[in-house]
Amino acid sequence: MSGLKRTSLRDFHAAHGARLVDFAGWEMPVQYRSILEEHKAVRRAAGLFDVSHMGEVDVRGPEAGKFLNRLVTNDVTKLYPGRVLYSPMCYPSGGVVDDLLVYQRGADDYFLCINAGNIDKDVAWIREQAAGFAVTIDDRSADFGLLAVQGPMAAAIVQSLTGAKLGLIKYYHFGEATVAGIHCLASRTGYTGEDGFELYHAASESVALAEALLEAGAPHGLELAGLGARDSLRLEAGFPLYGHEITADISPLTAGLGWTVKLDKGSDFVGRTALLAEKQNGAPNQVIFFKTGDRRIVRADTPVLGPDGAVVGRVLSGTLSPILNESIGSALVATASAAGEGGWSVDIRGTRLPLHRVRPPFVPLKK
Amino acid sequence: MSSVPTDLRYAKSHEWVRSSGDGISTVGITDYAQNSLGDITYVQLPKVGATFAAGAVFGVVESVKAASDLYAPLAFTVLEVNALLDKTPETVNQAPYGEGWMLKVKPAAAGEEAGLLDAAAYRAAIG
């Protein structure tokens with residue numbers, strides 16, 4: 001696949017039988033053996049994901065914290081060195097530029113982890129917003145590899161390769177750790193709903209780190225897992241994916257992420273005026289999650305029908321839950337249609353399937 | 001490399017036909033097809049007694065990735081549907097030429113399989 005960007009692990013993936021696809025301009029493994037089996041391995045034991053395509057941006061300087069608190073909707077003043085914060089980053093319209101993780105390393109020293117497909121857009125946006133602040137913005141995406149170890153056995157597997165006391169790193173915290181002899185920033189975060197670590201490291205060390213994790217993890221049931229399983233795991237957990245549940249046109253409030261929008265954090269931020277108005281006036285649409293009781297997958301952009309058959313929305317994400325063994329998904333529906341739990345349905349090849357509303361997660365999760 | 005058994009005939013649309021000699025043929029999809037689709041999550045098959053012209057859509061196979069039509073490799077009447085695929089569609093991934101068969105059919109005319117690809121021609125077609 002010419003013209004696609006590659007992580008340091010591209011040949012490692014190919015050697016392990018990966019099916020490589022174009023993901024946001026990156027040649028990435030969608031699966032190795034089976035999306036469904038990789039998904040189940042993560043819920044049962046552990047999975048190893050290459051997410052080196054994600055972007056990393058350093059934000060440093062005397063006004064770094066102040067700047068970030070203006071840039072994102074969540075409250076950056078809650079951070080302290082070693083703490084991680086999830087936040088949307090919005091346009092003045094309240095639509096979402098991207099969702100990201102903010103890491104505070106030290107006073108005036110932060111970095112952001114952003115979506116691969118948004119790196120150029122985000123960095124340009126962040127630089128533009130930084131005008132007038134005493135901060136420096138550095139796109140470090142090419143320097144970092146990122147491996148995610150996720151699942152109930154993940155912490156034990158990573159612990160077997162490091163002397164660092166990982167038990168001291170709580171959920172949404174991070175610390176430095178030498179894992180298999182490789183310097184890592186170990187972040188107790190993830191996108192699966194399971195316990196686990198995301199290990200930031202020098203991109204040149206990715207192969208050695210991946211091989212060590214795979215070898216140490218195999219006896220615990222760890223499997224290589226691709227982006228296919230990553231997507232079904234995140235949907236089962238009810239996590240939003242940029243471009244689906246949150247977009248430039250779907251605000252975090254519409255998406256049900258009100259907990260990440262701190263309207264009263266005490267300082268203005270990009271999108272606050274629009275989001276405050278949306279909160280006060282109510283949004284015309286809202287994101288809901290559903291299951292069908294049927295194995296037929298309800299794919300993105302399928303129209304959602306109200307009780308009288310009129311179109312009241314559209315599907316944003318849809319897959320088969322390998323754990324529930326039925327199709328699950330999310331949809332953007334007219335708020336007015338959500339009053340009596342909807343009575344929603346979709347037409348799949350001539351069969352009317354009812355959508356049953358679910359408040360995620362779809363399955364019990366550790367995190 | 002995909003398995004292409006020599007005792008079957010193939011359609012370019014990746015269905016296979018096995019003739020048993022008693023006027024009953026079995027229809028399924030090829031190893032190449034199941035591998036391209038990835039994890040198969042749902043198989044929609046017709047009712048017993050339904051008739052199809054060659055090239056007509058007789059069902060749908062869904063994977064995590066996409067839903068794809070199934071095409072009748074020859075004109076036939078459906079005699080039996082593989083009920084196993086209702087609950088365990090992944091059988092098509094595991095044994096596309098065996099337990100993962102889809103239909104037993106009565107061809108509309110004897111000898112129609114002759115118009116389909118043999119294993120060598122199908123192997124050439126899938127590269």
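Residue numbers begin at 1 in each chain, while the letters A, B, ... track the order of the sequences.
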Item checked: Nearest heavy-atom neighbours spanning A:R299 and B:V64 -> NH1-O, 3.1 Å

Check: Of the backbone (N, CA, C, O) and the side chain (C-beta and beyond), which part of A:S34 lies under 4.5 Å from a heavy atom of chain B, both, or neither?
Finding: both

Checklist line | Per-residue contact mode, B:N35 against chain A (heavy atom under 4.5 angstrom) | finding: both

Check: Can you tell me if CZ on A:R314 sees more than 12 non-hydrogen neighbours from other groups inside 6.0 Å?
Finding: no

Note to self: Please report the interatomic distance CZ(A:R33) to CG(B:D39), rounded to the nearest 0.5 Å.
What the structure shows: 9.5 Å

Next item on the list: Rounded to the nearest 0.5 Å, what's the gap from NZ on B:K65 to CD1 on A:I297? Could you check?
Entry: 12.0 Å

Margin query: Taking side chain as everything from C-beta outward and backbone as N, CA, C, O, which of these in A:D231 sits under 4.5 Å from a heavy atom of chain B? Side chain, backbone, both or neither.
Written below: neither

Margin query: I need the minimum non-hydrogen distance between B:D86 and A:R295, along with the two atoms involved.
Written below: O-CD, 4.4 Å

Check: Does B:Q94 CD have over 12 foreign heavy atoms under 6.0 Å away?
Finding: yes

Notebook entry, point to check: Given that the side chain runs from C-beta out, which part of A:L320 has a heavy atom under 4.5 Å from chain B: side chain, backbone, both or neither?
Noted result: side chain

Next item on the list: Report the C-alpha distance between B:V60 and A:R349 in whole Å, list the side-chain angles of each, state the deciding distance to 0.1 Å, and finish with yes or no for side-chain contact (heavy atoms from CB on, under 4.5 Å).
Entry: CA-CA 9 Å; B:V60 175; A:R349 302 186 293 273; 3.6 Å; yes

Notebook entry, point to check: What do you reckon, is NZ of B:K104 surrounded by more than 12 foreign heavy atoms closer than 6.0 Å?
Noted result: yes

Notebook entry, point to check: Can you check whether B:E62's main-chain N or O pairs, donor with acceptor, with A:R296's side chain at less than 3.5 Å?
Noted result: no

